Amino acid sequence: MEQLLREKTAAIVNKLYGTKLSAQEITVNQTAKEFTGDFTVVIFSFVKIAKKKPEDVGKEIGDAILNEISDIESFNVVKGFVNFKLKNEFWNSFLINASRDENYFSFPSTNKKIMVEYAGPNTNKPLHLGHIRNIFIGYSVSEILKAAGNEVIKVNIYNDRGIHICKSMLAYQKYGGNETPKSKGVKGDHMVGDFYVKFDQELKIQIAGLMARGLNEEDAKKKAPLNIEVKEMLLKWENGDSEVRALWEMMNGWVYDGFEETYKLIGCDFNKHYKESDTYLLGKNIVEEGFNKKVFYKRQDGAVCVDLTEDGLDEKVLMRSDGTSVYITQDLGTADLRYKDFEPDQMIYTVANEQDYHFKVLKLVTEKLEKKYAAGINHLSYGMVDLPTGRMKSREGTVVDADILIEEMIRTAKEQTLELGKTENFSETEAEKLYYELGMGALKFFILKVDPRKRMIFNPKESIDFHGFTGPFIQYTYARIQSVKRKAGNTFKSSTPSVHANESELHLLLQLYLYPNIITEAAKNLDPALLANHIYFIAKSFNSFYAENSIVQAETVELKNFRLLLSDFTGSILKRGMKLLGIEVPERM
RNA sequence: GGUCCCGUAGUUCAAUGGAUAGAACGGAAGUUUCCUAAACUUUAAAUGUAGGUUCGAUUCCUACCGGGAUCACCA
């Protein structure tokens, strides 16, 4: 309807005033609630051209539109705004058609293949709050893109090699005995993470010891036996030393098992996991290739570099003077491999905004190499999650562990639910499922309702609520609808009511009608928050409607059927929308 | 210092350049003979500062103030 209004308005204005406006230049809004109408055309921009009063221009356009669009019942003009009201028949048939056809809001295929990378953990410690935001956003963006008609490939990248990985390996070798996650009864990623911390602690002791003997801090760091040993270990790894490689395989295996458990708990999935240990060598080949093509050059000290000063950046090293790879080397390899694997039209990287610079470089370098996929590289740069005390710091022990956080969420959900006595006639498995859905729903919604690009504050103790603008609010609304449906039976589904909808009904209908526009916008902007906000508006509209109107006890059968169709359709949109955020909705709660 | 991002009620978040800046939590006051009160209704409370562009600016531009990130042969 908005598009139709744009087109008609443009045509009318062009005809009346001799302009050459395109439909996209016309502003169409939802009518503000203080005024009568559903959609509003803003006409300020052509008032000047028409050389008439805004009210007169509005009248002319309104009259013409009324003639052209049969679904419009009336209009009114307030200053430069023309408010159009749609006919009852329009809303009745919209509701009947949309609620019957499950594919009513489905999008046609775009024939585009989009790859989304998200998660991207290191294999030396468990997932934390930062990964949680990353995973929620990456997963939800993928689902939204799918809903908008794209083919989506979800991939993960494991940063599984390097000095930081060797640190936990060395600590395990020295202090781990023959412990395994199984023997200790802990998750593999947590156990490996503990050894990573252990390395740091022991190193500190060594450094302090050396400094007590008169060395300055810098020298002490260099001479600390652990630091020397860990470098040796990395070298051994690079040379394929069988013992080190076996240890690496074993410990990374533990971590992967732990991660899989967390992914399952979170409810995310991947089509393929890439490992940097598999791609860093490929990256070196690409750097060689660029050097041979004279896109890159060797500095006097032998490091291979690219000059990005023309693009406002600096000189960037792509391969060390000793021929080993740097961070970006492996990203070049990974990108190339991914393109060979899937040939996506777009590669979206879900990575925190602290790496904006890195991805600018990656894109520029692939452009200079004239890679086909360069144009499709897109950094979905999200803001960091801060605690009320500031940034999370592993050294200060303020990192919020993902598994623990989720566990606490579920526990809180359970406490709140028991307090309300909602699960008294639930079976135990049903109840546990509900606590899980509510806990995860609260957490996911809390994070996803915020614009991904913005930095956000998370207070583990206070942030999560089950009232107001929250996941559980929407889940509750859904459960309420299902409850009404259980009481009403199924006959309404085939009914074709024709009623004069009241204000709260119209408001809800309009919110539902706008759902596909929101999906389009969310997909375009890679922004689940747009969807989260809109689903909330729908739920809120429904609750107002619910409080004001009797559904099952409606005055007439026709009205009852109408309200049941409206409720049913609201429920299905809430469920679909929440699904795209990765949130389940319960049938009762 | 260079580059980039961000400053909106007490707090956490909204607002393709459009109407009287929306919500939620917290505060104040209400709503249960009737479909689930994790709900609904009412109410007080905000655009960092100074300019500019515009019929119209939270939104765009400039300067300043405040916060954050980044500028490695670390990943």
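Only a predicted model underlies this, so the values are computations on that prediction, with no experimental measurement involved. Labels below follow one simple rule: chain letters A, B, ... track the order of the sequence lines, proteins then strands, and each chain is numbered from 1. Both backbone and side-chain heavy atoms feed into the values below; hydrogens, waters and symmetry mates do not.
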Integer angstrom distance from the C1' of B/U12 to that of B/C6: 16 Å

How do A/Ile26 and A/Thr31 order along RNA chain B: which one's closest nucleotide is nearer the 5' end? A/Ile26

Nearest-Å distance for atom pair CG/P, residues A/Leu448 and B/U12: 19 Å

Take atom NE2 of A/His358 and atom C1' of B/U70, then tell me their distance rounded to the nearest Å. 13 Å

B/G68 and B/U8, which share atom name P, separated by this distance in whole Å: 14 Å

Is the shortest heavy-atom distance from the side chain of A/Arg161 to the side chain of A/Glu238 under 4.5 Å? yes

Determine the Euclidean distance between corresponding P atoms of B/A44 and B/U54; express it in Å to zero decimal places. 36 Å

Distance, C1' atom - from B/G67 to B/G22, rounded to whole angstrom: 25 Å

Protein-nucleic acid N or O pairs under 3.5 Å, nucleotides 52-62 of chain B:
from: B/C55; atom 1: OP1; to: A/Lys48; atom 2: NZ; distance (Å): 3.0

If the C1' atom of B/C5 is compared with that of B/U42, how far apart are they to the nearest Å? 40 Å

Polar-atom pairs under 3.5 Å, protein N or O versus N or O of nucleotides 1-9 of chain B: list them with distances, or write none.
from: B/G7; atom 1: OP1; to: A/Lys454; atom 2: NZ; distance (Å): 3.4

Starting from Watson-Crick (N1-N3 plus N6-O4 or O6-N4) and G-U wobble pairs under 3.5 Å, report the runs of at least three that RNA chain B belongs to. B:1-7 with B:65-71, B:10-13 with B:22-25, B:27-31 with B:39-43, B:48-52 with B:60-64

Can you pull out every salt bridge (Lys or Arg N to Asp or Glu O under 4.0 Å) where at least one residue sits in residues 535-546 of chain A? Sequence neighbours excluded, please. none

Within this structure, what is the CZ-to-P distance between A/Arg161 and B/A75, rounded to whole angstrom? 7 Å

Give me the distance, rounded to whole Å, that separates B/U11 from B/G30 when you measure between the P atoms they each carry. 28 Å

Going 5' to 3' along nucleotides 25-39 of chain B, which nucleotides have protein heavy atoms under 4.0 Å from the base (write B), which only from the sugar-phosphate (write S), and which from neither (write -)? S---------BBSBS

Separation between the C1' atoms of B/U53 and B/U59, rounded to whole Å: 13 Å

Hey, is the side chain of A/Asp386 pairing donor to acceptor with the base of B/A69 inside 3.5 Å? no

Syn/anti label of B/U32 as read from its glycosidic torsion, with the cut at 90° from 0: syn

Side-chain donor-acceptor pair present, A/Thr123, A/Asp160, cut-off under 3.5 Å: no

Using the salt bridge (Lys or Arg N to Asp or Glu O under 4.0 Å) rule, collect all pairs that involve residues 477-488 of chain A, keeping only residues at least two apart or in two chains. A/Lys485-A/Asp568

How are the rings of A/Phe84 and A/Phe75 set to each other: parallel, tilted or perpendicular (split at 30° and 60°)? tilted

Just how far, in rounded Å, is P of B/A24 from CZ of A/Phe537? 10 Å

When the P atoms of B/G1 and B/C60 are compared, how many Å lie between them, rounded to an integer? 25 Å

